[in-house]
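Some notes on the structure that comes next.
Numbers for residues simply follow the sequence, beginning at 1.
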Amino acid sequence: MLTLKTTLAAFATAAVLGVPATASAEDYTIGVSIPSATHGWAGGLNFHAEEAKKRLEKLYPNVSITIATASNPGEQANDLEDLVSLRHIDALVVLPFESGPLTDPVRRVKQEGVFVTVVDRGLTEDGIQDLYVAGNNQEMGRVSGKYIRERLEDEGKIVVLRGLPTVVDDQRVEGFQSALEGSNIEILDMQHANWNRDDGFEVMQDFLSRFDDIDAVWAQDDDTALGVIEAVRQAEREDELFIVGGAGMKDIIKRVMEGDDLVPVDVLYPPAMIATAMDLTVQHFMSNGPVLGEYILASPLITQDNAEQYYHPDSPF
């Protein structure tokens, strides 16, 4: 599925040596369009985009990167127009605020001859982007379910806090449920908590009031997990259960590093994927290898043994 092996090898060599993988006399302008830092994961996204910009512009003096952040789909669509008409971009890296409203604006960018990389949230039509970079949502759910199943030894009662009612959430839940098939683990209830800390707190309070026996919680998202933690602590039920979140928030990773029994693991869905997308987009111009297709990131289980490599203390997320 990938056509990136040669490109990644070239980029890795360049990163180690601190020199471009392939010399180029041309100048290139790359636009990066992402949501503003309206919540934790998006804050991490913005942080890693800025870090990648600094690193890539230092590594490749002929590359200029402009980052535009938007607080809603309409603003992001306007940003795309400006990147083409004012910045004259050669490539676009875009994480759509919402897939539907951004499909036509991204298509118009592509029609201008711009190389397009779409990140995380796919467009509603195929064939527009040149490159797609994303986390593996189904695998994120499967890895979470596998850990819970093994930890509970195939038997127990759990609750699930879903995200927003989107395809991403459906994929994660599908993967999670597939990992539990054939076990005696009972899902007491599933409720949407919208990947939000306050909603996570309220949903978990409701679960705790209705269910006397809960062995584990799948919170799906680290922002949600923080709300769940607070609800569990207020109810003084920390010793009864454990929580599995997801994404790689530094506060959760730190708990895992320190051996917190309430949060023993996390599952990676990194906001740093924006940096991967920017790296690969630059290599479209710098490498003699093709950079086309899909690049799907892994969703490793983060444990106390490996948590340090995923800990970014300077990140806001």
Side-chain angles (χ1 to χ4, degrees), residues 30-55 65-80 82-83 92-103 105-106 117-123 129 132-137 140 161-169 171-172 192-201 219-228 245-254 266-279 281 297 299 302 310-317:
I30 296 172
V32 178
S33 174
I34 55 178
S36 55
T38 54
H39 63 283
W41 195 87
L45 186 81
N46 280 256
F47 170 81
H48 287 290
E50 291 289 349
E51 290 295 297
K53 169 183 163 67
K54 289 185 287 188
R55 172 172 52 80
I65 298 173
T66 297
I67 299 174
T69 61
S71 57
N72 58 65
E75 185 178 335
Q76 188 172 31
N78 290 335
D79 287 343
L80 297 187
D82 289 344
L83 287 170
L92 170 69
V93 178
V94 56
L95 195 157
F97 202 100
E98 293 179 13
S99 298
L102 269 300
T103 295
V106 174
T117 299
V118 174
V119 186
D120 187 40
R121 299 166 194 165
L123 302 174
Q129 74 264 9
Y132 179 60
V133 178
N136 191 330
N137 287 291
M140 184 185 184
L161 290 85
R162 302 187 61 159
L164 289 164
T166 61
V167 172
V168 167
D169 176 69
Q171 291 172 339
R172 293 180 182 182
H192 289 282
N194 307 313
W195 299 316
N196 179 276
R197 186 179 310 190
D198 292 339
D199 291 347
F201 176 78
Q220 196 191 108
D221 173 81
D222 288 339
D223 273 312
T224 303
L226 291 179
V228 171
M249 176 188 285
K250 67 179 182 181
D251 293 343
I252 298 295
I253 298 299
K254 192 168 190 294
D266 199 34
V267 181
L268 189 65
Y269 194 83
M273 68 175 67
I274 191 66
T276 303
M278 293 166 67
D279 288 339
T281 301
L297 299 168
S299 293
I302 302 172
Y310 301 106
Y311 184 56
H312 301 285
D314 295 332
S315 170
F317 179 78

Report the C-alpha separation of Leu92 and Leu80 in whole Å, then their side-chain angles, then the decisive distance to 0.1 Å, and conclude whether the side-chain contact (heavy atoms from CB on, under 4.5 Å) test is met. CA-CA 9 Å; Leu92 170 69; Leu80 297 187; 3.8 Å; yes
After noting the C-alpha distance and the side-chain angles of Asp223 and Met249, does the key distance pass the side-chain contact (heavy atoms from CB on, under 4.5 Å) rule? CA-CA 8 Å; Asp223 273 312; Met249 176 188 285; 3.1 Å; yes
Can you check side-chain contact (heavy atoms from CB on, under 4.5 Å) on Arg55 and Asp279, steps first, answer last? CA-CA 10 Å; Arg55 172 172 52 80; Asp279 288 339; 3.0 Å; yes
Take Tyr269 and Asn137, measure what side-chain contact (heavy atoms from CB on, under 4.5 Å) needs, and give me the verdict at the end. CA-CA 8 Å; Tyr269 194 83; Asn137 287 291; 3.3 Å; yes
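Heavy atoms only, all atoms of each residue included: Ala247 and Pro271 are closest at O-CD, 4.4 Å. For the residue pair Ala77 and Pro105, the shortest heavy atom distance occurs at CB-CG, 3.8 Å. Heavy-atom minimum distance, Ala49 versus Ile34: CB-CD1, 4.0 Å. Across every non-hydrogen atom of Ala37 and Gly43, the tightest pair is CB-CA, 3.6 Å. What you find for Asn46 and Ser36 is that their closest heavy atoms are ND2-C, 3.8 Å. The minimum heavy-atom distance between His192 and Pro165, with the atom names listed, is CE1-CA, 3.8 Å.
You'll find the side chain of Thr224 stays beyond 4.5 Å of the side chain of Asp199, heavy atoms only. Looking at heavy atoms from C-beta onward, Asp169 lies in side-chain contact with Trp195 at the 4.5 angstrom threshold. In this structure, the side chains of Leu123 and Tyr132 stay at 4.5 Å or more apart for every pair of heavy atoms. Proximity of Leu226 to Ile252: side-chain heavy atoms (C-beta onward) are separated by under 4.5 Å at one or more points. Looking at heavy atoms from C-beta onward, Val106 lies out of side-chain contact with Pro96 at the 4.5 angstrom threshold. Counting heavy atoms from C-beta outward, Gln129 and Val94 have side chains that stay 4.5 Å or more apart. Using a 4.5 Å heavy-atom cutoff, the side chains of Val32 and Lys53 are not in contact. In this structure, Thr281 and Val133 have side chains that are not in contact, with every pair of non-hydrogen atoms separated by 4.5 Å or more.
To the nearest 0.5 Å, atoms OG1 (Thr117) and CG (Leu95) are separated by 11.5 Å. Here the OG1-CZ distance, from Thr69 to Phe97, works out to 10.5 Å after rounding to the nearest 0.5 Å. Here CD1 of Ile65 is found 12.5 Å from NZ of Lys54. Values are rounded to the nearest 0.5 Å. Atom-to-atom distance recorded for Arg121:CZ and Glu98:CD is 8.5 Å, nearest 0.5 angstrom. Here Asp251 contributes atom CG and Asp222 contributes atom CG; the two are 9.0 Å apart, rounded to the nearest 0.5 Å.
The main-chain N or O of Asn136 is never found under 3.5 Å from a side-chain atom of Gln171 such that the two would form a donor-acceptor pair. No donor-acceptor pair closer than 3.5 Å links the side chain of Asp120 to the backbone N or O of Ala134. Formation of a donor-acceptor pair under 3.5 Å by the Arg172 side chain with backbone atoms of Met140 is not found in this model.
Residues passing the side chain to side chain contact (heavy atoms under 4.5 Å, CB included) test with Ser315, sequence neighbours excluded: Phe47, His48, His312, Phe317. Lys250 meets the side chain to side chain contact (heavy atoms under 4.5 Å, CB included) test with Tyr311; sequence neighbours excluded.
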